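Take a look at the structure below.
Predicted model only: the values in this text are computed from it and were never measured.
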Amino acid sequence: MEKKIKIALAGNPNSGKTTVFNNLTGSHQHVGNWPGVTVEKKEGKFTYDGFKADVIDLPGIYSLTAYSIDERIARNFLLQENPDVVVAVIDASNLERNLYLVVQLLELGANVVLDLNMMDLVENRGIKINKEKLSRILNVQVVETIAHKGKGIDEIKKIAIDEAKNKKPGEFKIDYGKDIEQVIDKLTRFLKERKISVNYPLRWLVIKLLEKDAEVVQTIKALSEGKIILNEVEQNISKLEKHLGYDLETALVERRYGYLKGLVGECTSRHYTFKERLNISDKIDRVVTNKFIGIPLFLVLMWLTFQLVFTIGGPLADLIDTFFGWTAQVVSKELISIGAPEWLISLISDGIISGVGSVLVFLPNILLLFLAISILEDSGYMARAAFVMDRLMHALGLHGKSFIPLVLGFGCNIPGIMATRTLESEKDRILTILVNPLMSCSARLPIYILFAGVFFPRNQGLVVFSLYLMGIVLAVAVARIFKSIFFKHKVAPLIMELPPYRLPQIKSVLIHMWERGSLFLKKAGGIILAGVIVVWFLSSVPFGVEYASQQSLIGRIGSLLAPLLSPAGFGFWQAAVALGFGILAKEIVVGTLGTVYGVEGAGLKGAILQHFTALSAYSFMVMSLIYIPCIASIAVIKRETNWKWALLAVGYSLILGWVMAVIIYQIGKFFV
Amino acid sequence: MIPLSMVNPGQKVQIVQIRGGRGLVSKLANMGFYPGVIVEVISNRNGPLIVAREGIRLGLGFGMAHKILVRPLN
């Protein structure tokens with residue numbers, strides 16, 4: 001019979017947990033080179049030697065004290081779910097700091113397997129680690145891996161299962177020094193006498209109480225004798241602190257690092273020297289984060305991204321457009337020749353090919369955008385960008401770390417919103433979530449490219465750029481306003497680890513780009529297809545009306561809403577309907593126009609040329625940018641906050657979108 | 001004693017005191033940055049800076065770098 005075991009992967013950010021996870025389970029979870037890529041636990045499976053293992057990849061943590069949501073997810077899992085084995089994945093080229101978490105796991109009594117990852121870096125730096133000694137002193141089994149090359153993965157499986165069978169986490173103690181140890185002993189006895197029922201080793205519990213760990217304190221408070229216990233702890237802390245001369249938590253951290261310093265010294269044959277560490281990464285950082293170069297360099301990179309998406313994406317999009325035009329012709333000819341009913345021909349050519357085709361055309365642009373974002377993430381530049389922008393973000397009332405979610409939002413707002421989990425302050429986090437939909441995501445790109453291509457062929461790039469810029473400026477303004485209304489707080493200062501730069505690996509970048517791109521394709525085959533079929537159907541009923549005329553059902557619905565939009569310059573039913581269905585997914589704005597005009601590509605361009613002017617086209621793009629987060633974003637905002645904030649996001653964006661579109665149209669009228 | 005924000009790139013300093021909320025002090029400590037530790041400034045953007053302890057590189061915001069008091073080493 002197969003036996004089931006549960007294995008958790010824990011470790012510092014950027015120690016390679018997700019790479020190990022992908023190799024263990026054959027998954028393709030996103031790996032990036034910045035702290036906070038993994039913000040939720042991911043599950044996978046493998047079978048080995050008759051065992052079925054559930055593997056859980058956890059967000060990166062530095063210690064068992066959590067400061068943000070992603071860290072809390074990891075900590076709670078380790079504390080509450082009792083995994084059979086915890087594989088501690090550590091960056092072995094940075095032993096001391098990485099082992100800090102490991103000793104905390106051992107203190108907790110977890111059944112740890114130590115994975116010394118990144119052994120290639122260790123070798124490059126000329127460090128020798130005495131694996132056997134390390135294993136003996138910590139009383140754990142040790143595996144050496146180079147996860148990105150798949151080396152050592154089988155050994156992890158073997159040893160993890162071996163450990164799960166034995167299940168005998170040995171006792172592990174750090175000597176915190178005479179004074180502290182006395183207090184730990186005293187309090188442990190105190191807790192023992194009270195026979196409290198908690199799941200953790202008493203010694204660990206006492207240490208966490210001495211650290212004033214908020215969640216452990218809460219757990220104790222809930223007990224019947226909680227007050228007495230906390231009182232006793234409090235008294236002992238003040239006494240100790242008076243004696244030590246500084247705060248106890250720092251003292252505990254210091255003792256642990258002191259222990260590790262000794263341990264690492266004993267188990268490695270060469271230590272870093274300051275000179276060695278001035279490596280290439282630091283040299284790059286001296287330029288990239290230089291006070292004069294930092295921000296201009298970021299702008300140049302953004303401009304290059306933009307050029308990549310448009311200059312290279314444009315011709316490729318035209319190719320796909322030609323293909324769909326040709327397909328539509330061939331298919332409808334074929335359908336006519338086999339005598340298919342007229343409604344079927346209309347569904348396929350007007351509905352599906354025109355609707356979905358007009359969206360799919362933009363696949364190259366979207367792939368290129370995600371390619372650029374992947375490179376930024378994998379190289380390690382993303383974390384630097386957040387650092388470089390910190391002061392500016394502060395001036396705007398946001399946190400330095402808010403910057404990464406905002407940049408990710410240019411790809412898709414959903415991962416952008418998720419990435420806010422790494423922010424320590426709840427207020428900073430909600431504020432960043434609220435403005436994230438103003439970052440112009442890739443779903444809005446088709447709208448811009450279509451309209452700007454028709455009405456501003458010479459300044460296409462400039463026009464689209466102005467929309468991105470408008471999104472950013474509005475996000476800043478909205479953040480300022482919301483901050484003064486809802487969050488009158490000081491923004492928490494930035495503390496963020498900067499992983500060494502790494503040459504992005506072509507395979508990993510392409511995989512990431514493809515995963516994102518295929519998400520777009522799935523959307524095209526799913527919600528976008530469903531949306532355009534509904535639009536097609538509503539355009540065809542009641543039976544007997546001319547397809548997509550004002551008398552059709554959709555024409556009537558649109559006509560009801562159209563007057564609302566006429567101050568913005570596009571008060572006709574097709575625009576109203578397109579925006580309405582665009583709530584499902586913003587690509588559907590283009591898909592709907594394709595369907596109601598029954599054309600795609602070049603034909604669609606002709607159709608909108610008849611209905612819009614350059615000015616109303618611009619106000620329509622502005623409206624599309626702002627007017628509402630798509631339905632999936634709204635759901636994620638609700639999940640990550642609550643209904644109140646989700647409704648605010650919907651409400652403010654609807655009003656702001658309409659107001660901006662109207663202002664632009666009304667003022668613009670004086671100039672054209 | 002000077003604030004870390006005033007230290008030039010390339011300079012080695014010893015952390016003397018970290019002022020600020022409990023959360024920040026404890027977070028920094030758990031990441032390996034606490035009084036007594038010797039660090040080197042890698043890059044300084046007039047406040048926000050990158051500081052190194054052995055293989056670790058930490059980006060600190062303007063507010064944070066101000067609150068860390070250090071003693072320059074020669």
Closest non-hydrogen contact found for B:L28 with B:I68 is CD1-CD1, 4.0 Å
Where at least one partner belongs to residues 21-41 of chain B, residue pairs that pass ring-ring contact (aromatic ring centres under 6.0 Å, His included), sequence neighbours excluded: A:Y257-B:Y34
Only pairs of heavy atoms separated by less than 4.5 Å count here; which of B:G36, B:S43, B:P35 has the most with chain A? B:S43
Determine, for A:R384 against A:D285, whether the closest basic-nitrogen to carboxylate-oxygen distance falls under 4.0 angstrom. yes
Given a strict heavy-atom distance threshold of 4.5 Å, which part of A:D91 is in contact with chain B: side chain, backbone, both, or neither? neither
In the structure I gave you, are the side-chain heavy atoms of A:K291 and B:L49 within less than 4.5 Å of one another anywhere? no
Of the listed A:Y67, A:Y100, A:Y62, the one with the largest count of heavy-atom pairs under 4.5 Å with chain B is A:Y67
A:Y381, A:F298, A:F387 screened by ring pair (Phe, Tyr, Trp, His ring centres under 6.0 Å) with A:F403, the one that passes: A:F298
Has B:Q17 got more than 12 heavy atoms of other residues, nucleotides or ligands less than 6.0 Å from its CD? yes
At a heavy-atom separation under 4.5 Å, does A:S63 approach chain B through its side chain, its backbone, both, or neither? side chain
Just so I understand: if I count every heavy-atom pair under 4.5 Å between each of B:G23, B:S26, B:G10 and chain A, which residue has the most? B:S26
Bottom line for A:V288: the part with an atom under 4.5 Å from chain B's heavy atoms is neither
Among side-chain atoms of A:N12 and A:S15, is any donor-acceptor pair under 3.5 angstrom? no
Just give me the residue among A:L260, A:V388, A:D390 that pairs up with chain B most often, heavy atom to heavy atom, under 4.5 Å. A:V388
Selection from B:L60, B:I56, B:V51 maximising heavy-atom pairs under 4.5 Å formed with chain A: B:I56
Is A:E497 in contact with chain B via its backbone, its side chain, both, or neither, using a 4.5 Å heavy-atom distance? both
Is A:K490 close to chain B through its backbone or its side chain, or both, or neither, when contacts mean heavy atoms under 4.5 Å? neither
NZ/NE/NH1/NH2 to OD/OE distance under 4.0 Å, B:R53 and A:E96: yes
Go through the atoms of A:E424 and report whether side chain, backbone, both or neither lie under 4.5 Å from a heavy atom of chain B. side chain
